[in-house]
Amino acid sequence: MHEAAGSIIRPGRRRAGVLTLFGFVLLAAQPSRAADTPDAAAGRTIAETGVLTGHVGCSACHLMNGAGQPDVGIPRLAGFSAAYLEQQLGYFAADKRSNSWMAPYARMLTQKQMQDVAAYYASLPEPPPPENDPASDGLRARGKEVFEKGVMANGVMPCGGCHGPAGQGMGTFAPHLAGQSAPYLLEQLRGWHQGKDRDPMGKMMATEAHAMTDADMQAVAAYLQSLPGPNAGAAK
Ligand code: HEC
Ligand code: HEC
């Protein structure tokens, strides 16, 4: 008897559960209010002139086209997801990622300004890989091998598994690497290799870089710098 009653009641309960879940999904899918929508045009002004008188804009270092200055290790920002850029700005501002150049600029920004400037740089087409790259073909070939196959004997997983087969990044999970400055990439890898705790999202990279040789870090950085991003030259 009880069983029969249960079987009559249960489907109804399940339906109520599904309806509640549906309600949550609807709530989550509500478009955000206009005030919260990132404004890439406002972000462009921040990149150009900065937010405080007497301080330069981001473009003084990262340039207006987001190409950065590869030779001196200033990273490119074009080609990244807005979510990653905003997350890293938040880390610099909160001292969760330390860099003496970036910290003061990140601290000048409100959350909304971080969103806006991230939206601006994320909207740009990727610049072509830097010209006159001195890396040898042999070095790049080794880098390609490490990127695609890892060094499984040492526990180094294939980079492409997390960063995408073309180094294009995977949404908010792992950043874009294609076309990035080799000196910048090498500095980040060496930092993790030496045990530096870059930021709260860096744990996987610490494990990954720990087992890499310096020669392989140089090789993979050279290979990545030479990769045209999947959106190179195309407006997004
Ligand atoms: C004085 C030069 C300078 C200025 C101005 C500057 N940056 Fe940077 N930025 C750097 C350097 C150098 C790094 C690399 C930091 C490191 O090695 O950790 C960097 C890193 C970054 C990163 C992390 C990139 C990555 O791949 O993880 C972001 C995002 C960023 N900058 C955004 C900005 C924005 C937005 C502005 C303007 C509000 C700005 N920067 C202004 C020099 C600068
Ligand atoms: C298990 C997933 C995973 C694997 C495998 C992996 N990465 Fe990463 N990588 C990440 C994540 C997540 C981040 C973001 C870390 C952060 O925000 O601190 C990252 C960040 C990076 C950065 C910093 C990029 C920037 O713009 O600052 C570099 C460089 C990098 N990875 C290179 C590599 C290379 C080279 C390999 C292969 C040898 C590799 N990664 C393998 C997950 C991975």
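Numbering of ligands and ligand atoms starts at 1, following listing order. Heavy atoms only: backbone and side chains are in, while hydrogens, waters and symmetry mates are out.
Nearest-residue assignment for atom 37 (C) of ligand 2 (options S181, C159, P158, G150; heavy-atom criterion): C159. Comparing E187, M201, H163 by heavy-atom distance to atom 10 (C) of ligand 2, the nearest is H163. Considering each of V220, T207, D199, L177, the one bringing a non-hydrogen atom nearest atom 16 (C) of ligand 2 is D199. When the heavy atoms of Y105, Y120, Y184 are ranked by distance to atom 5 (C) of ligand 1, first place goes to Y105.
For ligand 2, the atoms lying closer than 4.0 Å to a non-hydrogen atom of M212 are 38 (C). Here is the list of ligand 2 atoms found below 4.0 Å of a heavy atom in F80: 26 (O). Residue contact check: L85 has heavy atoms under 4.0 Å from atoms 29 (C) of ligand 1. Less than 4.0 angstrom separates some heavy atom of M204 from each of these atoms of ligand 2: 1 (C), 2 (C). Of all atoms in ligand 1, listed by their number and element, those nearer than 4.0 Å to a heavy atom of Q188 are 16 (C), 17 (O), 18 (O). Interface atoms of ligand 1 facing V117, defined by a heavy-atom separation under 4.0 Å, are 35 (C). Shown in contact with R198 at under 4.0 Å from a heavy atom are these atoms of ligand 2, numbered in order with element: 16 (C), 17 (O), 18 (O), 23 (C), 25 (C), 27 (O).
The main-chain N or O of P127 is found under 3.5 Å from a side-chain atom of R76 such that the two form a donor-acceptor pair.
Put simply, part of W192 is less than 4.0 Å from ligand 2, judged by heavy atoms. Put simply, no part of H55 is less than 4.0 Å from ligand 1, judged by heavy atoms. No heavy atom of M217 sits closer than 4.0 Å to any atom of ligand 2. Heavy atoms of P75 approach ligand 1 to within less than 4.0 angstrom. In this structure, Y121 does not count as a contact residue of ligand 1, since none of its heavy atoms falls inside 4.0 Å of the ligand.
Among the atoms of M102, an N, O or S atom is found under 2.8 Å from atom 8 (Fe) of ligand 1. Residue H62 counts as close to atom 8 (Fe) of ligand 1, with an N, O or S atom under 2.8 Å.
Within the 4.0 Å heavy-atom criterion, neither part of A221 lies near ligand 2. Of all the heavy atoms of V51, none lies under 4.0 Å from any atom of ligand 1, so neither backbone nor side chain is involved. Using a 4.0 Å cut-off between heavy atoms, P175 contacts ligand 2 through its side chain alone, with no backbone atom that close.
A salt bridge links D133 with R140; the closest basic N to acidic carboxylate O contact falls under 4.0 Å. Contact check on R44 versus D116 returns no salt bridge, with no Lys/Arg side-chain nitrogen under 4.0 Å from an Asp/Glu carboxylate oxygen. D95 has a carboxylate O that lies under 4.0 Å from a charged side-chain N of R107, or vice versa, which qualifies the two as a salt bridge.
Nearest to atom 25 (C) of ligand 2 among the protein's heavy atoms is Y84 OH, 3.3 Å. Protein heavy atom in closest approach to atom 4 (C) of ligand 1: C61 SG, 3.4 Å. The single protein non-hydrogen atom nearest to atom 2 (C) of ligand 2 is C162 SG, 1.9 Å, given as residue, atom name and distance. Among protein heavy atoms, the minimum distance from atom 17 (O) of ligand 2 is reached at Q88 NE2, 3.0 Å. Nearest non-hydrogen protein atom to atom 41 (C) of ligand 2 is E208 OE2, 3.4 Å. For atom 38 (C) of ligand 1, the closest heavy atom belonging to the protein is C58 SG, 2.7 Å. In terms of protein heavy atoms, atom 29 (C) of ligand 2 is closest to L185 CD2, 3.5 Å. Protein heavy atom in closest approach to atom 22 (C) of ligand 1: F92 CE1, 3.6 Å. In terms of protein heavy-atom proximity, atom 28 (C) of ligand 1 is closest to L77 CD2, 3.7 Å. Closest protein heavy atom to atom 12 (C) of ligand 2: F173 O, 3.3 Å. Scanning the protein for heavy atoms near atom 33 (C) of ligand 2, the closest one is M205 CE, 3.3 Å.
The shortest N or O to N or O distance between Y91 and ligand 2 is not below 3.5 Å. Every N/O-N/O distance between H176 and ligand 2 stays at or above 3.5 Å. For R97, no nitrogen or oxygen atom sits less than 3.5 Å from a nitrogen or oxygen atom of ligand 2, counting backbone and side chain alike. Residue contacts with ligand 1: W101 is placed with no nitrogen or oxygen under 3.5 Å of a nitrogen or oxygen of the ligand (distance criterion only).
No donor-acceptor contact under 3.5 angstrom links the side chains of Q69 and H62, judged on distance only.
Two residues are said to be in side-chain contact when any heavy atoms from C-beta on lie closer than 4.5 Å; E148 and Y223 meet this criterion.
Each of K196, Q188, R190 was evaluated against W192; a single residue qualifies, Q188, per the side chain to side chain contact (heavy atoms under 4.5 Å, CB included) test.
Hydrophobic clustering (ILVMFWY, side-chain heavy atoms < 4.5 Å, transitive): L224 and V156 are in one cluster.
Here the NE2 atom belonging to H193 is positioned 9.5 Å from the CE atom belonging to M212, to the nearest 0.5 angstrom. Separation of atoms CZ (R97) and CG (L89) is listed at 9.5 Å; rounding is to 0.5 Å.
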Carefully, step by step, assess N99 and F92 under the rule side-chain contact (heavy atoms from CB on, under 4.5 Å).
CA-CA 7 Å; N99 183 264; F92 286 123; 3.7 Å; yes
E126 and H176: CA distance, side-chain angles, deciding distance, side chain to side chain donor-acceptor pair (under 3.5 Å) verdict
CA-CA 11 Å; E126 291 168 60; H176 183 90; 3.1 Å; yes
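Relative ring orientation between H55 and Y105 is described as perpendicular, the plane-to-plane angle rising above 60° on a 0-90° scale split at 30° and 60°.
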